[in-house]
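Just so you know, ligand 1 is whichever comes first in the structure, and atom 1 is the first atom listed for that ligand. As a basis for the values below, the full set of heavy atoms in this structure was taken, side chains included, without hydrogen atoms, waters or symmetry mates. Numbering of residues begins at 1 and proceeds along the displayed sequence.
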Amino acid sequence: MSQAVDEIKIGGIGASRKRVEDNRFIRGKGNYTDDIVLPGMLHMEILRSPLAHARIKSIDASKAWDIPGVHLVLTGEMMATRNLAWMPTLSYDTQAVLATDKVRFQGQEVACVIADDPYIAKDACEAIVVDYEPLPVIVNPMQAVAAGAPVIRDDKENQPDNVIYDWEVGDSAGTAHAFAAADLVSKLELHYPRSHPSPIECCGSIADFNRATSKLTVYMTTQAPHIIRAAVAMVAELPEHMIRIISPDIGGGFGNKVPVYPGYVCSILASILLERPVKWIEDKSGNLISTGFARDVYLKGEMALRRDGKILAVRMHTDADHGAFFSDAQPSKFKIGLMHSAFAAYDIPAAHLTARGTYSNKAPGGVAYRCSFRVTEAMFFQERMMQAAADDLGMDQAEFRRMNFVPDDAFPHRTPFGFLTDSGQYAKCLDVGLKAIDYENFRQQQEEARSRGRLLGLGISTMTEPLGAGNSREYDILGIKMFDSAELKVHMTGKAIVRTGARTQGQGHETTWAQIVAHELGIPAEDVVVEEGDTDTAPFGMGTYASRSTPVAGAAVAMVARKIRAKARKLAAHLLEVSEEDIEWELGRFYVRSAPDRGVTIQECAIAAYANMPDGMEPGLDATAYYDPPNLTWPFAVYIVTVEVDPQTGVWDVLNMVAVDDCGVRINPMIVEGQIMGGLTEAYAMSNMQFITFDADGNCVGANYMDYLLPTAWETPGFELHSEVVTPCPHHPIGAKGIGECAAVGGPAAFVNAVIDALSGTGVRNIDMPLLPDRVWEAMTYRRDISGAPPVRSDD
Ligand code: MCN
Ligand code: CUM
């Protein structure tokens, strides 16, 4: 007699199942791009520009060609003869593959050498002589729009200046009206510095073109293999079915591995020309200096307030520095990403956002680093503005937020910029956080400490984030709609394989997708393998970024399992010799409604699909499901930090940090906690130490790990995580919302708010990140705000 299975025992939803992928990772048996060695493989290195803006007068590669072991030197001129010197970007712009006319940022790709080994290739790169004529350099949006600024993109017709777009959203008139009626207007200006995802594994590719079969196989570090296949088909004009993109194990992505990089294109062309596999693996400086960065946005705004604390309207303006090419991978419709997701957690009647994007002589990018299309900047501005407004009103920080929260019974809620949020219990999360940090008590301690000259501070960040692009009505990249799919094959013994078009980079999909199958079918998670990343076998998907995997691909996994269950029910009816209507389901088993003892397991149905199907039924137990989400998912989080600032040095230490995340149903609570811990660590790093800046000549400061500081376990404070609040997503098949980025998005404001709170009474309203000790010290000593990117350190 069969019995229902225990969901937690079989590793279903809610089980903190150990990550199956770690079995190979911790044994050093991962299979990363650089681990792959193909017969006859050659190696490629890239020559990068030392200057940020210069005309190329000539390139002499003759000495490089002469070095023994060199097979090919690629320059822009050669690329141009094949129409490959430029490529389209994912934002309807163009990007130089190898520079022809000018170099436009330090680190830009100028030439490539393909040789027997990477050392020969590197030496040969150094033998290439490039004659540059330096040009004036632009390193920020203010310079970009100044009168007489040099036009960086003079390659483009109809590009008279450095402006990429002027974009707006919201209700300008309604907002103006609300401001006119306000008792108080609170203002804030900020800079969110440029930072970098810096995954442990750099970017790279191995292109392998086989002339005999006409097939191109590319092993590469990509978060979105299917998009890359489409891009390669377009750029290299190859038929799509002859392109196979394989994304093997990825050593961290964090958004850095979404864009299409010149190195990929060059390795592909080299392999086609040489008919041998060509491997390119970027070095750390190459990665930091030239690949998709994050942020670099100036934000300013104002909030219209009623005396009692009610927010009447918000106005925001952003100036985004996109670097030399507009190459963001973001939904086509939204020029500044989802910046207008700001203030979604609060009930605000009117809002208006204007956004301008400009070119500069810096590497292209802007949306990477654990951020669902610029929501990091949106939430940072939102929570810094909330703190400033509460202070201006003389109101308690927690109370001001609570009174403006969207109430639990007001969902779906239309945000001031027009999004529809799905569900939440915002006040409850805040209560949990305040209790955990012992709010009232801390405020008292803070007073007492102050009377003894000690500076304590508390910062709150309460935020919601739009995760799971998209729905196909509004979300596309280059016209391709942002849905996903999953394929599930149940073998005759009841074991299974599930494939999706997402691509895990450390998030644990191999573990969690199997848990969804276990939840839907009662097949133990250990009996389900998960495979992603090979375009020849995985069903179509837009890839893993914007924490969209659970909301979209994960939903597709649930839906495909339900298709399988529907077919298995027919098989069960056949086996039990009753009609389908008389069959009931409980986890792992179908039974006869009138005789619950009579049942068959899902495994018995599986064998029947191969060995004993009813007449006329198509054999086998496979299915594919495409999932077009009805809406984004909107997780909510409360982050509260307490700090102590040393009045002598400006050094600040975290005393306590509490995180209350509500991401709906948690598939694997342990993995969710890992995601939150990682995000909080990055948030701490951004607020405290991590930035890339440029000197006036466009030299990148932050091209190595002496200057670009990654937090280690030693600096990172402890975090206290809370999971008490669970508001299921009403439109997701298993009620889950995304979680992959929340803590990195909402965390930074909590740290900064805490330090600013510690300085209250000094008149300091803002210190731009990173809050390095010297900046904090200067702010408190001279009682002034510190704005903009940190000055470049000069050692002379
Ligand atoms: N999860 C869960 N229950 C939920 C939500 C998620 O158990 N309610 C699990 C998921 O099943 C998945 C993980 O948590 O195993 C993250 O899921 P999700 O929030 O859907 O995010 P994605 O899988 O789409 O991951 C992308 C996100 C992004 S955009 C960045 S950037 C980032 C991040 O994940 N990059 C990472 N976290 C990272 N973690 C690691 N280790 N490495 C990266 O490169
Ligand atoms: Cu923007 S970093 Mo993640 O979305 O890959």
Inset, instruction - Please report which non-hydrogen protein atom sits nearest to atom 10 (C) of ligand 1, along with the residue it belongs to and the distance in Å to one decimal place. - result: Thr550 OG1, 3.3 Å
Legend entry - Pairwise side-chain contact, His196 with Thr291, heavy-atom cut-off 4.5 Å (strictly under): yes
Legend entry - Ile739 and ligand 1 - part of the residue with a heavy-atom distance under 4.0 Å: both
Inset, instruction - Measure from the side-chain N and O atoms of Asp249 to the backbone N and O of Asn31, and report whether any donor-acceptor pair falls under 3.5 Å. - result: yes
Inset, instruction - Report yes or no: does a heavy atom of Gly252 sit under 4.0 Å from some atom of ligand 1? - result: yes
Legend entry - Nitrogen or oxygen of Gln675 less than 3.5 angstrom from that of ligand 1: yes
Inset, instruction - Give the atoms of ligand 1, by number and element, whose distance to some non-hydrogen atom of Pro551 is under 4.0 Å. - result: 20 (O)
Legend entry - Short N or O distance, Trp513 and ligand 1, threshold 3.5 Å exclusive: no
Inset, instruction - May I ask you to check whether Tyr264 and Thr221 show a side-chain donor-acceptor distance below 3.5 Å? - result: yes
Inset, instruction - Show which atoms of ligand 2 fall inside a sub-4.0 Å distance from at least one heavy-atom site of Arg370. - result: 2 (S)
Inset, instruction - Identify which of His732, Arg666, Gln507, Lys257 has a heavy atom lying nearest to atom 32 (C) of ligand 1. - result: Gln507
Legend entry - Test item: side-chain donor near acceptor, Asn256 and Asn287, under 3.5 Å: yes
Legend entry - Ala502, portion touching ligand 1 at heavy-atom distance under 4.0 Å: neither
Inset, instruction - Could you tell me the residue and atom name of the protein heavy atom closest to atom 29 (S) of ligand 1, and the distance to it rounded to 0.1 Å? - result: Glu741 OE2, 2.8 Å
Legend entry - Heavy-atom proximity to atom 21 (O) of ligand 1, best of Gly543, Gly554, Ser547: Ser547
Inset, instruction - Could you say whether the N/O atoms of Tyr545 and ligand 1 ever approach to under 3.5 Å? - result: no
Legend entry - Top protein contact for atom 11 (O) of ligand 1, by heavy-atom distance: Thr512 OG1, 2.8 Å
Inset, instruction - Could you tell me which atoms of ligand 2, counted from 1 in the order shown, lie closer than 4.0 angstrom to a heavy atom of Val367? - result: 1 (Cu)
Legend entry - Element-labelled atoms of ligand 2 that are located less than 4.0 Å from some non-hydrogen atom of Tyr369: 2 (S)
Inset, instruction - For Ala546, take its heavy atoms, then give the atoms of ligand 2 lying under 4.0 Å from any of them. - result: 3 (Mo), 4 (O)
Inset, instruction - Would you check the N or O atoms of Gly253, main chain and side chain alike, for any that come under 3.5 Å of an N or O of ligand 1? - result: yes
Legend entry - Shortest protein contact, atom 8 (N) of ligand 1 (heavy atom only): Val665 O, 2.8 Å
Legend entry - Phe483 and Phe540 aromatic centres sub-6.0 Å: yes
Inset, instruction - Return the minimal non-hydrogen interatomic distance between Met339 and Thr318, and the atom names on each side. - result: CE-CG2, 3.7 Å
Inset, instruction - Count the heavy atoms belonging to other residues, nucleotides or ligands that lie under 6.0 Å from CD1 of Ile8, then report whether that count exceeds 12. - result: yes
Inset, instruction - Hey, can you tell me if His340 and Phe417 have their rings parallel, tilted or perpendicular (30° and 60° cut-offs)? - result: perpendicular
Inset, instruction - List the closest protein heavy-atom neighbour of atom 5 (O) of ligand 2: residue, atom name, distance to the nearest 0.1 Å. - result: Gln223 NE2, 3.0 Å
Inset, instruction - Could you pull out, from Cys371, Gly255, Gly366, Ser547, the option with a heavy atom nearest to atom 1 (Cu) of ligand 2? - result: Cys371
Legend entry - Minimum-distance protein heavy atom relative to atom 5 (C) of ligand 1: Lys737 O, 3.1 Å
Inset, instruction - Measure the acute angle between the ring planes of Phe326 and Tyr165, then classify it against the limits of 30° and 60° as parallel, tilted or perpendicular. - result: tilted
Inset, instruction - Answer with yes or no whether Glu741 contacts ligand 2, where contact means a heavy atom under 4.0 Å from a ligand atom. - result: yes
Legend entry - Donor + acceptor pair across side chains of Gln515, Thr512 (<3.5 Å): no
Inset, instruction - May I ask you to check if Arg370 and Phe254 form a cation-pi contact, with NZ or CZ under 6.0 angstrom from the six-membered ring centre and within 45° of the axis? - result: no
Legend entry - Residues Ser423 and Lys737: side-chain donor-acceptor under 3.5 angstrom: yes
Legend entry - Lys NZ or Arg CZ of Arg548 over Tyr545 ring: under 6.0 Å, within 45°: yes
Legend entry - Polar proximity ligand 1 side, Thr544 side, N/O cut 3.5 Å exclusive: no
Legend entry - 4.0 Å heavy-atom contact, Ala744 with ligand 1: no
Legend entry - Nearest-neighbour protein heavy atom for atom 7 (O) of ligand 1, which is reported as residue plus atom name and distance: Asn668 N, 3.0 Å
Legend entry - Residue and atom name of the nearest protein heavy atom (relative to atom 14 (O) of ligand 1), distance in Å to one decimal: Ile671 CG2, 3.6 Å
Inset, instruction - Answer yes or no: does an N/O atom from Ala546 fall short of 3.5 Å to an N/O atom of ligand 1? - result: no
Inset, instruction - Do me a favour and list the nearest non-hydrogen protein atom to atom 3 (N) of ligand 1 with residue, atom name and distance? - result: Ile667 N, 3.1 Å
Inset, instruction - Please say whether Gly506 places an N or O atom under 3.5 Å from an N or O atom belonging to ligand 1. - result: yes
Inset, instruction - Answer with yes or no whether Tyr369 contacts ligand 1, where contact means a heavy atom under 4.0 Å from a ligand atom. - result: no
Inset, instruction - Identify the heavy atoms of Val258 and Ile228 that sit nearest to each other, and give their distance. - result: O-CD1, 4.5 Å
Inset, instruction - For the residue pair Ser372 and Glu741, confirm or rule out a side-chain donor-acceptor distance under 3.5 Å. - result: no
Inset, instruction - Please confirm whether Cys371 comes within less than 3.5 Å of ligand 1 when only nitrogen or oxygen atoms on both sides are compared. - result: no
Legend entry - For Phe254, the ligand 2 atoms whose distance to one of its heavy atoms is below 4.0 Å: 2 (S), 5 (O)
Legend entry - Donor on one side chain, acceptor on other, Ser91 and Asp328, under 3.5 Å: no
Legend entry - Side-chain donor-acceptor contact under 3.5 Å, Tyr219 with Asp534: no
Legend entry - Per-atom contacts, ligand 1 versus Gly508 - under 4.0 Å to a heavy atom: 15 (O)
Legend entry - Atoms of ligand 1, numbered as shown, that sit under 4.0 Å from any heavy atom of Gly738: 19 (O)
Legend entry - Ion pair check, Glu510 and Arg24, cut-off under 4.0 Å: yes
Legend entry - Leu632 backbone acceptor or donor facing His731 side chain under 3.5 Å: yes
Legend entry - contact_flag Gly664 ligand 1 heavy-atom lt 4.0 Å: no
Inset, instruction - Decide yes or no on side-chain hydrogen bond (donor to acceptor under 3.5 Å, both in side chains) for Gln507 and His509, but give the supporting numbers first. - result: CA-CA 6 Å; Gln507 294 88 346; His509 296 178; 4.8 Å; no
